[in-house]
Protein chains: 2
Amino acid sequence: MKHKVVIIEDNIPLSEGFAEIINHTDDFEVVNRYSNCEDAIDNLTYDNPDVYLMDIELPGINGVEGTKYIKKALPKANIIMVTVYENSDIVFDALCAGATGYLTKNLKPDELIDALKETIAGGAPMSIKIAKMVVNSFQKKPSKIELSKREKEVLIQLSEGNSYDSIADKLFISKNTIKFHLKNIYIKLQVNSNIEAVQKANKENLL
Amino acid sequence: MKHKVVIIEDNIPLSEGFAEIINHTDDFEVVNRYSNCEDAIDNLTYDNPDVYLMDIELPGINGVEGTKYIKKALPKANIIMVTVYENSDIVFDALCAGATGYLTKNLKPDELIDALKETIAGGAPMSIKIAKMVVNSFQKKPSKIELSKREKEVLIQLSEGNSYDSIADKLFISKNTIKFHLKNIYIKLQVNSNIEAVQKANKENLL
DNA sequence: AAAAAACCTACCCAAAAGGGTAGGTTTCTC
DNA sequence: GAGAAACCTACCCTTTTGGGTAGGTTTTTT
């Protein structure tokens with residue numbers, strides 16, 4: 001049994017090209033092609049493919065919203081975004097929406113097939129630049145702000161929802177000392193409330 | 001000029017195997033091999049390789065800490081983790097530490113070379129499972145908690161560091177209403193302070 | 001040994017937040 | 001058109017925070 005692929009792409013020549021490539025393989029076949037999400041969504045359970053190839057820029061519902069919808073209806077569906085966009089926001093939006101992989105449209109036939117195979121094998125095919133972007137997103141650049149050990153402890157306790165009183169108890173220091181550290185933290189972090197301090201510390205990875 | 005590779009791996013046969021494979025290519029050569037991070041760190045600027053292949057489990061400084069150190073000294077260094085661990089914490093720790101890629105040790109010679117090439121091309125080589133893990137980490141599963149529109153607005157304002165008074169002004173409602181919504185939010189989120197509410201809302205992606 | 005950071009404590013006061021009760025309107029759903 | 005849910009407001013009072021001053025000790029750096 002071949003793995004079923006559905007293509008959602010409004011550029012018909014491109015869509016046909018993909019289908020051509022896929023239908024020449026032994027493992028995959030294109031069971032349907034759509035030029036918009038709406039039509040694809042109407043036939044979700046009928047098509048029930050192993051993999052969707054999804055364009056992002058589509059008339060009507062765009063690829064990211066379409067991905068969310070399909071994922072809600074068919075949580076096990078694999079959706080590979082195939083698009084020209086390498087803008088980071090769009091990439092991350094697509095991944096957050098539930099995309100399994102993300103390829104750019106300049107891909108070679110081999111790469112398309114490899115991506116399909118990787119998807120079936122439980123992987124997440126990505127083009128080189130995208131993979132790099134994704135990995136980079138983990139690399140939090142160190143903040144220039146330096147908190148002392150004690151200040152970090154206080155902030156961690158605070159972030160866990162403790163009041164100054166209970167933090168004082170836990171750290172065996174007085175509430176006044178907690179406030180003293182907080183004041184310094186606010187200055188270092190350029191904020192003036194505990195909420196902002198906790199959020200900024202989280203954002204800058206200070207804890 | 002061949003691209004320079006340094007291997008940090010305490011399993012000598014494995015290290016030799018990698019070197020053998022790499023030295024048989026036209027594009028890469030192993031300029032040094034170490035069985036611990038300390039020795040590698042001593043020769044950072046002397047070796048100055050294009051790519052490090054780094055084991056995680058090493059005597060002394062482990063691969064993740066070593067990666068942090070090397071990245072600090074040589075920010076442009078490409079460090080590929082090569083390890084048996086597929087535990088998610090370790091993978092993400094390594095990526096956060098600055099690893100360029102992450103491969104598992106059962107890789108084939110071709111895959112190793114491909115990974116090196118991908119690295120030089122500015123990519124982030126990952127084995128299939130790792131790529132999937134990384135992509136999955138973006139897919140925030142929707143929380144079962146539902147906040148009303150107004151509650152979200154209040155929480156967003158709060159997360160931006162505004163006081164109840166200024167939130168009241170911005171939303172054209174009274175401070176009492178702010179407090180009313182907050183009370184309901186605390187119940188829904190099972191917390192009892194604004195800090196916790198903001199943090200939980202962020203974590204659960206409610207805003 | 002001197003200087004600089006980091007750490008600790010106490011006190012004061014004003015502002016902000018938490019928790020409770022008690023009412024009302026608007027909007028959507030059945 | 002009844003009921004539910006979301007939304008809104010006003011009180012009350014207690015606790016918690018923020019911001020200030022003014023001192024001290026310990027630890028690290030120069």
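Please read these numbers as outputs of a predicted model, since none were measured by experiment.
When the side-chain nitrogen and oxygen atoms of B:Ser174 are compared with OP1 and OP2 of D:dC8, none of them lie within a distance under 4.0 Å.
Taken residue by residue, residues 149-162 of chain A places heavy atoms nearer than 4.0 Å to DNA chain C at A:Lys149, A:Arg150. In the region residues 179-192 of chain A, proximity to DNA chain D at under 4.0 angstrom, judged on heavy atoms, holds for A:Lys179, A:Lys183, A:Tyr186, A:Asn192.
When the ring-ring contact (aromatic ring centres under 6.0 Å, His included) test is applied to B:Phe180, no partner is found at least two apart in sequence or on another chain. Annotation: ring-ring contact (aromatic ring centres under 6.0 Å, His included) contacts of B:Tyr85 (sequence neighbours excluded): none. With sequence neighbours left out, the salt bridge (charged side-chain N to carboxylate O under 4.0 Å, His left out) criterion links A:Lys68 to A:Glu65. A search for ring-ring contact (aromatic ring centres under 6.0 Å, His included) contacts involving A:Phe18 returns nothing, not counting sequence neighbours. Considering only residues two or more places apart in sequence or on other chains, B:Glu196 meets the salt bridge (charged side-chain N to carboxylate O under 4.0 Å, His left out) condition with none of them. By the salt bridge (charged side-chain N to carboxylate O under 4.0 Å, His left out) test, B:Arg150 is found to be paired with B:Glu153, residues two or more places apart in sequence or in another chain being considered. Here A:Glu160 pairs with nothing under the salt bridge (charged side-chain N to carboxylate O under 4.0 Å, His left out) rule; sequence neighbours left out. Taking B:Tyr69 as the reference, nothing meets the ring-ring contact (aromatic ring centres under 6.0 Å, His included) condition, with sequence neighbours excluded.
B:Glu29 and B:Asn23 form no side-chain donor-acceptor contact under 3.5 Å, judged by distance and modelled atom types alone. Between the side chains of A:Tyr34 and A:Asn32, at least one donor N or O sits under 3.5 Å from an acceptor N or O.
If you measure from atom CG of B:Leu171 to atom P of D:dA6, you get 18 Å, rounded to the nearest angstrom. At whole-Å resolution of the value, CG in B:Leu147 and P in D:dA5 are 16 Å apart. Here C:dA16 presents its C1' atom at 11 Å from CD1 of B:Ile167, a figure rounded to the nearest Å. Separating the CD1 atom of A:Ile195 from the P atom of C:dA16 is a distance of 13 Å, rounded to the nearest angstrom. Atom CG in B:Asn176 sits roughly 16 Å away from atom P in C:dA22 (whole-Å rounding).
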Donor-acceptor pairs under 3.5 angstrom involving side-chain atoms of residues 115-128 of chain A: please list them, not counting sequence neighbours.
from     : atom 1 : to       : atom 2 : distance (Å)
A:Thr119 : OG1    : A:Ala115 : O      : 2.7
A:Ser127 : OG     : A:Thr104 : OG1    : 3.4

Could I get a table of every N or O pair under 3.5 Å where one atom is in the protein and the other is in nucleotides 14-16 of chain D?
from   : atom 1 : to       : atom 2 : distance (Å)
D:dT16 : OP2    : A:Asp165 : OD2    : 3.4

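With C:dA17, D:dT9, C:dT9 as the choices, the nucleotide that has an atom nearest any side-chain atom of B:Ile173 turns out to be D:dT9.
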